[in-house]
Amino acid sequence: MVVRVGAGGRFGLGWTYSSPATAAVISNHLVGVLSGRSPLDTNACWSAMHRACRNMGTKGLAAQAISAVDIALWDLKARLLEIPVSQLLGTVRDEVPIYGSGGFVSLGDHGGLAEQVGLWQSAGCPAMKIKIGEGRGSRIARDLARVDRLRELADADVELMVDANGGYTRGQARRVGAELGARGVVWSEEPVTSDDLSGLAVVRDAVHCDVAAGECVYDQYDAAALVDVVDCLQLDVTRCGGYTGFLRGAALATSRGLQVSAHCAPALSAPVAAAIPNLRHVEWFIDHARLEPILAEGIPEIYHGAMRVRQDEAGHGMTIGVDAADYRLA
C-alpha cells in the first residue's frame, strides 16, 4: 500500500505491507485531519492521525496506515528542507548491518534453502535466519534438521538465527531452545506467540539464545510491554507508527539496555535504523529484498553485509519505480 503526500510542490513517499483496506483508512480517517497542516510538524501530524483512529481502534490496519503516511511525511519534510531524511532524523552511522532472512519451512532442505543461503553469502550477510516451528510444533525433528542444514550451507563464522513465528508451546520452546543453544544458534524469534508476554519471559530465562519479538508492535504501549521480556526488541517501521513510532520504540528499548532490530522493509528501515545508537541489525528479508527494487527506484545499496544509507538525495531518496505500474490495483 503506497502513499504519496504533497505540499509546496514536493511529494513524500511511504508504504506498508497490508490489506487494500488500508487505503480506506487513509482516505476516510487521515486525509481530513492532515489537510492544511504544516508538513514540518511531523509529531503533531502523527498525533492527529492517532486521535482520528481512536474510536475505530489504533492498532492493526490503522497503525499500518499511520505508518505509511508518517514515513511519507518525514520524506516530504526532508525534501522541502532539501536534506536527506537520515540527516533530518540524525545519523549515528553511514551504513546499517543486515542479516539474511527467509528459509521458509515450505522450501526444500537442499535446493531452495541453498539458493537463499547463496544469495545471502553474495551479499556478505554475517548472520542468517530461517523459519522453524513447522506445523505448530508438530515437526520438531525437521525443524532441527533444517537448522543443521543451514549450518552446513553457511560459512563457519556466520551467526545462525531462527524464527518460530509463535509456533511452539512454552514447554516445546524451552526444549527446542536447549537444542538450538547446543547448535550455537544465537537468536530465537517468537518461540511462543508474542501475545504471551509471560511465556516469552519464561523461555528467555530458560534458553541460551537471545529471545526476540516485536514485529507486531503497533505503538509505544506495545513496545513497553515487550522490553522487559525479550533480549532484543524488533520494530517494523511499516507497522509501529512509521519513523516517529520507530524512534519512540527504540528509546524505550534504550531505557532497558536493549538493542533494536528492524523487521522487514529494509530500504524504508535504513534511514531510521541509522539514527538510533542501539541498533543491532536490519532484516534483509527475502521477499522484501525482491519486492522493494520493483516498487521503488533509489533503493540503498548492499555492500559487505551492510546497507548504505542514502546521503546523496533529499528525502529518503526513493521514488515509485516504472515497473510498479504493472502491479497497480487502484
Side-chain angles (χ1 to χ4, degrees), residues 16-18 25 43 46-47 49-68 70-71 129 133 136-137 161-174 176-177 186-207 209-265 269 272-273 275-283:
T16 186
Y17 297 90
S18 186
V25 175
N43 279 322
W46 193 98
S47 295
M49 290 191 289
H50 196 261
R51 285 195 302 269
C53 295
R54 180 180 181 275
N55 287 344
M56 60 177 275
T58 56
K59 301 183 187 294
L61 285 175
Q64 291 159 359
I66 291 171
S67 298
D70 180 81
I71 293 166
K129 184 178 80 180
R136 307 299 300 175
M161 306 166 64
V162 296
D163 179 4
N165 283 118
Y168 296 132
T169 65
R170 294 182 183 190
Q172 286 177 323
R174 292 197 301 270
V176 172
V186 301
W187 171 284
S188 178
E189 183 175 329
E190 289 190 322
V192 296
T193 174
S194 57
D195 293 327
D196 182 8
L197 298 176
S198 60
L200 283 171
V202 165
V203 177
R204 181 200 59 186
D205 292 342
V207 302
C209 310
D210 286 351
V211 170
E215 65 183 67
C216 290
V217 162
Y218 290 118
D219 55 31
Q220 65 269 31
Y221 303 107
D222 289 342
L226 277 174
V227 292
D228 288 326
V229 298
V230 297
D231 296 302
C232 184
L233 179 68
Q234 294 177 280
L235 294 170
D236 188 321
V237 74
T238 71
R239 295 175 180 172
C240 72
Y243 292 159
T244 300
F246 193 100
L247 292 173
R248 292 176 181 178
L252 281 165
T254 299
S255 73
R256 297 298 192 276
L258 297 184
Q259 291 181 308
V260 167
S261 178
H263 176 267
C264 290
S269 298
V272 72
I276 62 171
N278 55 327
L279 177 72
R280 182 162 177 166
H281 40 42
V282 173
E283 182 176 20

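The residues of the chain are indexed from 1 along the displayed sequence.
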| message | Under the rule for side-chain contact (heavy atoms from CB on, under 4.5 Å), what residues qualify as partners of Asn43, not counting sequence neighbours? | response | Thr244, Arg248

| request: Could you tell me which residues satisfy side-chain contact (heavy atoms from CB on, under 4.5 Å) with Ser269, sequence neighbours excluded, listed by chain and number? | output: Val237, Ala262, Ala265, Val282

| query | Sub-3.5 Å donor-acceptor pair from the side chain of Thr193 to the main-chain atoms of Asp196, do we have one? | reply | no

| query | Between Arg170 and Val192, is there a donor-acceptor pair closer than 3.5 Å when you use the side chain of the first and the backbone of the second? | reply | no

| said: Here's a test for you: under side chain to side chain donor-acceptor pair (under 3.5 Å), which of Glu189, His281, Arg280 qualifies with Ser261? | reply: His281

| task | Decide yes or no on side-chain contact (heavy atoms from CB on, under 4.5 Å) for Gln64 and Tyr218, but give the supporting numbers first. | result | CA-CA 8 Å; Gln64 291 159 359; Tyr218 290 118; 4.0 Å; yes

Taking side chain as C-beta onward, heavy atoms only, is [X] less than 4.5 Å from [Y]?
| X | Y | result |
| --- | --- | --- |
| Leu258 | Asn278 | no |
| Pro191 | Val211 | yes |
| Cys232 | Asp210 | no |
| Asp228 | Arg256 | yes |

Contacts of [X] that satisfy salt bridge (Lys or Arg N to Asp or Glu O under 4.0 Å) - sequence neighbours left out:
| X | value |
| --- | --- |
| Glu190 | none |
| Arg51 | none |
| Asp219 | Lys59 |

| request: Before giving the answer on side-chain contact (heavy atoms from CB on, under 4.5 Å), spell out for Val260 and Phe246 the whole-Å C-alpha distance, their side-chain angles and the decisive distance to 0.1 Å. | output: CA-CA 10 Å; Val260 167; Phe246 193 100; 3.9 Å; yes

Gap separating the [atom1] atom of [X] from the [atom2] atom of [Y], nearest 0.5 angstrom:
| X | Y | atom1 | atom2 | result |
| --- | --- | --- | --- | --- |
| Ile66 | Thr16 | CD1 | OG1 | 11.0 Å |
| Ser67 | Asp236 | OG | CG | 7.5 Å |
| Thr238 | Ile71 | OG1 | CD1 | 6.5 Å |
| Gln259 | Thr254 | CD | OG1 | 10.0 Å |
| His263 | Leu233 | NE2 | CG | 12.0 Å |
| Leu226 | Leu200 | CG | CG | 6.5 Å |

Which heavy atom of [X] sits nearest a heavy atom of [Y], and at what distance?
| X | Y | value |
| --- | --- | --- |
| Leu61 | Ser18 | CD2-OG, 3.4 Å |
| Gly177 | Val207 | CA-CG1, 3.8 Å |
| Tyr243 | Asp70 | N-OD2, 2.8 Å |
| Trp187 | Ala212 | CZ2-CB, 3.3 Å |
| Ser194 | Ala213 | CB-CB, 4.2 Å |
| Ala224 | Leu252 | N-CD1, 3.9 Å |

| So Arg204 and Val230, side-chain contact (heavy atoms from CB on, under 4.5 Å) or not? Walk me through it. | CA-CA 7 Å; Arg204 181 200 59 186; Val230 297; 5.7 Å; no

| said: Once side-chain hydrogen bond (donor to acceptor under 3.5 Å, both in side chains) is applied, do any residues pair with Ser47, and if so which ones, sequence neighbours excluded? | reply: none

